[in-house]
Amino acid sequence: MATTPPPEHLREEVESVLIGEKEIAARVRELAADIERDFIEQDLLVVALLTGTVPFLADLIRNITLPLRLDFMGVSSYGNNTAPGELVFTKELKLEARNRDVLLVDDILDTGKTLRAVIDKLDALQPRSLRTCVMLEKKSRRSEKITADYVGFDVPDTFVVGYGLDYAEKYRNLPFIGELKPEVYS
Ligand code: XMP
């Protein structure tokens, strides 16, 4: 993956820009086109996980011209800032998922534990179909047998921030995806 230096004001914290704004925008348009093709004439309910999906979700749904409903689930991992711990649901769905064609959107598929827990919970609501879309995945760290139907980018096993992803709740507003300097989190 070709990288570029981060903007001057972030050089002490961010090692490099892994995926820039233009590359993200182009890939989001492709994902939206794939989703449109697969969900045509379906009763699309987009279920996004809070909070890391927000910028990605906003860009993705504005590139989808099909009618859709949008809802959120809250799920938090109470570990330290870079290693996941126990999963706790902090917000439940408001809309009915039964007999809907659900597209579950998450920020990053890492070990797969988050998606495993959320998919089990959604399956119990008996949607007609359930597909998953993630902005990023780290293939090397998967411990659950999970694959996403739509994947934006595969990233190396390094801590990434920006475009929704945080470290200690910071960096979510960066318009690019960058690699955090290890000295920031170690
Ligand atoms: P699992 O391991 O459950 O992880 O697939 C999914 C959740 O872990 C967080 N995560 C990250 N967050 N940079 C982040 O900002 C990362 O490199 C990273 N890796 C995992 C994230 O909240 C995701 O939903």
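Keep in mind that what you see is a predicted model, and the values were worked out from it rather than measured. Numbering of ligands and ligand atoms starts at 1, following listing order.
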Can you sort out which atoms of ligand 1 are near [X], meaning under 4.0 Å from one of its heavy atoms?
X: T111; result: 1 (P), 2 (O), 3 (O), 5 (O)
X: D166; result: 14 (C), 15 (O)
X: D107; result: 21 (C), 22 (O), 23 (C), 24 (O)
X: T114; result: 1 (P), 3 (O), 4 (O), 6 (C), 7 (C)

Hey, is [X] touching ligand 1 through its side chain, its backbone, both or neither, going by heavy atoms under 4.0 Å?
X: D106; value: side chain
X: K138; value: side chain
X: L49; value: neither

Donor-acceptor pair, [X] side chain versus [Y] backbone, under 3.5 Å?
X: R27; Y: V151; value: yes
X: D71; Y: K94; value: yes
X: T3; Y: L18; value: no
X: R100; Y: L44; value: no
X: K91; Y: F72; value: yes
X: K181; Y: R11; value: yes
X: D101; Y: D43; value: yes

Would [X] count as a contact residue for ligand 1, given that I'm defining contact as a non-hydrogen atom of the residue lying under 4.0 Å from a ligand atom?
X: V161; result: no
X: T158; result: yes
X: G52; result: no

Flag yes if Y163 and I108 sit in one hydrophobic cluster, no otherwise; membership is Ile, Leu, Val, Met, Phe, Trp, Tyr, and two members link when side-chain heavy atoms are under 4.5 Å apart.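 Cluster IDs for Y163 and I108 match.
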Shortest heavy-atom approach to atom 19 (N) of ligand 1 - which of L50, T51, D110: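 Ranked by closest heavy atom to atom 19 (N) of ligand 1, first place is D110.
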Closest candidate by heavy atom, reference atom 6 (C) of ligand 1, pool V134, V155, I108, V75: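 Going through V134, V155, I108, V75 one by one, I108 has the nearest heavy atom to atom 6 (C) of ligand 1.
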Nearest atoms (heavy-atom pairs only) where F176 meets G20: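 Taking F176 first and G20 second, the nearest heavy atoms are CB-CA, 4.2 Å.
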Within the structure, does [X] bring an N/O atom to less than 3.5 angstrom of an N/O atom in ligand 1?
X: Y167; value: no
X: G112; value: yes
X: L109; value: no

Before giving the answer on side-chain hydrogen bond (donor to acceptor under 3.5 Å, both in side chains), spell out for Y171 and E13 the whole-Å C-alpha distance, their side-chain angles and the decisive distance to 0.1 Å. CA-CA 10 Å; Y171 309 109; E13 301 146 85; 2.8 Å; yes
